[in-house]
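Just so we're on the same page: letters track the sequence lines, and every chain starts at 1. Computed from heavy atoms alone, side chains included, the values below leave out hydrogens, waters and symmetry copies.
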There are 2 protein chains.
Amino acid sequence: MRADAQKNRSQILTIARAVVAEQGADVSMRDIARRADVGLATLLRHFPTREALFEALLCTHLDALTQKAVELETSASADEALLIWFRELVLFTRSYRGVVAMMAAAHTNPDSALYASCAAVHESGARLLLRAQSEGTARADMNGDDLFALITALGWAVDQPSFVPRADHLVHLITSAILTNRSRYDVKKATI
Amino acid sequence: MRADAQKNRSQILTIARAVVAEQGADVSMRDIARRADVGLATLLRHFPTREALFEALLCTHLDALTQKAVELETSASADEALLIWFRELVLFTRSYRGVVAMMAAAHTNPDSALYASCAAVHESGARLLLRAQSEGTARADMNGDDLFALITALGWAVDQPSFVPRADHLVHLITSAILTNRSRYDVKKATI
DNA sequence: ACCTGAACACCGTTCAAGT
DNA sequence: ACCTGAACACCGTTCAAGT
């Protein structure tokens, strides 16, 4: 890659991160290009679709989350691991408004640039759930798809301004539905 | 209202209902106008915003839901009433793709044309929840806001194509988290 | 009163022209 | 190889001109 191309690319990513943080995931690509001082066509050349841009923006964060899941498999009890990881993922979705909707959509079609990352997250959750289920600390009548659906649904909810005040409690409600053999006090104790 | 205006209005509503049913709630207003054989400006004259149009589209259905809640207060036990109403509301959101997102957004600002209907639904749910809580059949540590958030979150989830196959089960997971002193079999028995 | 085409400022996509 | 302005087909909003 040429030097100026490299510079443009990193410039775009830096600015995009800031703009998305303040405006949400549905900012116009034109706005991002303007703020990054590049032509719109240049932005589209580096990231042909909005999802391609977000894949580049989020991949390190998402990779860290799947890595975290692997670590938790040995560093924490099955139920604690699931609980901690669940909360981290919801925290992640809260850091970028509108990103959950995109992930849920990307999760559907393999052509999306975000598909691989979403699949990895999905897989991580499924493994943590399976471990907790085999120990009897997570309810047996749900699977990885359900877990992913609940997490993204929760992520969507806390994206809505009117639900923000109850965000922590909503997480508690859902997690206490997933975990079994656990006093409510335990589940509630640690808030995000 | 003049005769031609009346005719246009009902024509728009009929067509809009069909178009939204097949394309989802984010169809362009232009498309609706085209399909209804009226000028775009005419559509905008009758319904100055997309939410105004949807308020007209959904109000009878939403009114029926709040009415249903009132009936259930006397015709069913507290937990059954909550369960039945919850399921009906989720069913409703499934009948119009993308409508939950709009309702959640409308729920935030009183200026929205959908605000009143959303508030009524919210209120209905809160009353059913309160009744179940006073009888000890719904968990005490949640309120009407939580219920509304859970319902819309679930509605959003089942709007995503990838989550549709698990829709019934997701409803079961959430409702069994809300209701207490209830065997899992009972909650699961009746599926949507 | 009510309808409507047209102008406007936006959007994402595409491409020929520049360096 | 890479950048970019411009043209394109879309969108929702607004309004002057028509009946």
So A:A5, base contact, sugar-phosphate only, or nothing? Heavy-atom distance under 4.0 Å. sugar-phosphate
Heavy atoms only, 4.0 Å cut-off, all strands: where does B:S28 land among base, sugar-phosphate and nothing? sugar-phosphate
Let me spell it out: for each of A:R9 and B:D26, pick the nucleotide of DNA chain D with the closest heavy atom. Which residue's pick is nearer the 5' end? A:R9
May I have the distance from B:R45 (atom CZ) to D:dG12 (atom P), rounded to whole angstrom? 19 Å
Are B:R97 and B:D159 within salt-bridge range, i.e. N to O under 4.0 Å? no
Pair partner, C:dA9 [Watson-Crick or wobble, under 3.5 Å]: none
Verify the contact: side-chain N or O of B:N8 to OP1 or OP2 of C:dC3, cut-off strictly under 4.0 Å; return yes or no. yes
Test for a donor-acceptor pair under 3.5 Å between the base of C:dG12 and the side chain of A:R30, counting only N and O atoms. yes
Distance in angstrom units between A:F47 CZ and D:dC3 P, rounded: 11 Å
B:K7/B:D4 salt bridge by N-O under 4.0 Å criterion: no
To the nearest Å, how far apart are B:L40 CG and C:dA6 P? 13 Å
Of B:R2 and B:R50, the one whose closest DNA chain D nucleotide lies more 5': B:R50
How close or far is atom P of D:dT14 from atom CG of B:L43, stated in whole angstroms? 14 Å
B:L44 has its side chain closest, among D:dT14, D:dC3, C:dG12, to D:dT14
Over how many whole Å does the gap from B:H46 atom NE2 to C:dT4 atom C1' extend? 12 Å
Does a salt bridge link B:E22 with B:R35, judged by any charged N lying under 4.0 Å from a carboxylate O? yes
Closest to side chain of B:A41, choosing from D:dC11, C:dC2, C:dG5: C:dG5
Determine whether the aromatic ring centres of residues A:H107 and A:F148 are separated by less than 6.0 angstrom. yes
Are the side chains of A:R87 and A:L91 in touch, meaning some heavy atoms are under 4.5 Å apart? no
Could you check how far CD of B:Q6 sits from P of C:dC3, rounded to whole Å? 11 Å
Could you state the CZ-P distance from A:R34 to D:dG5, rounded to the nearest angstrom? 12 Å
Taking a pair as Watson-Crick or G-U wobble with both distances under 3.5 Å, which nucleotide is matched to D:dT4? C:dA16
Distance check needed: C:dT4 P versus B:M29 CE, whole Å only. 15 Å
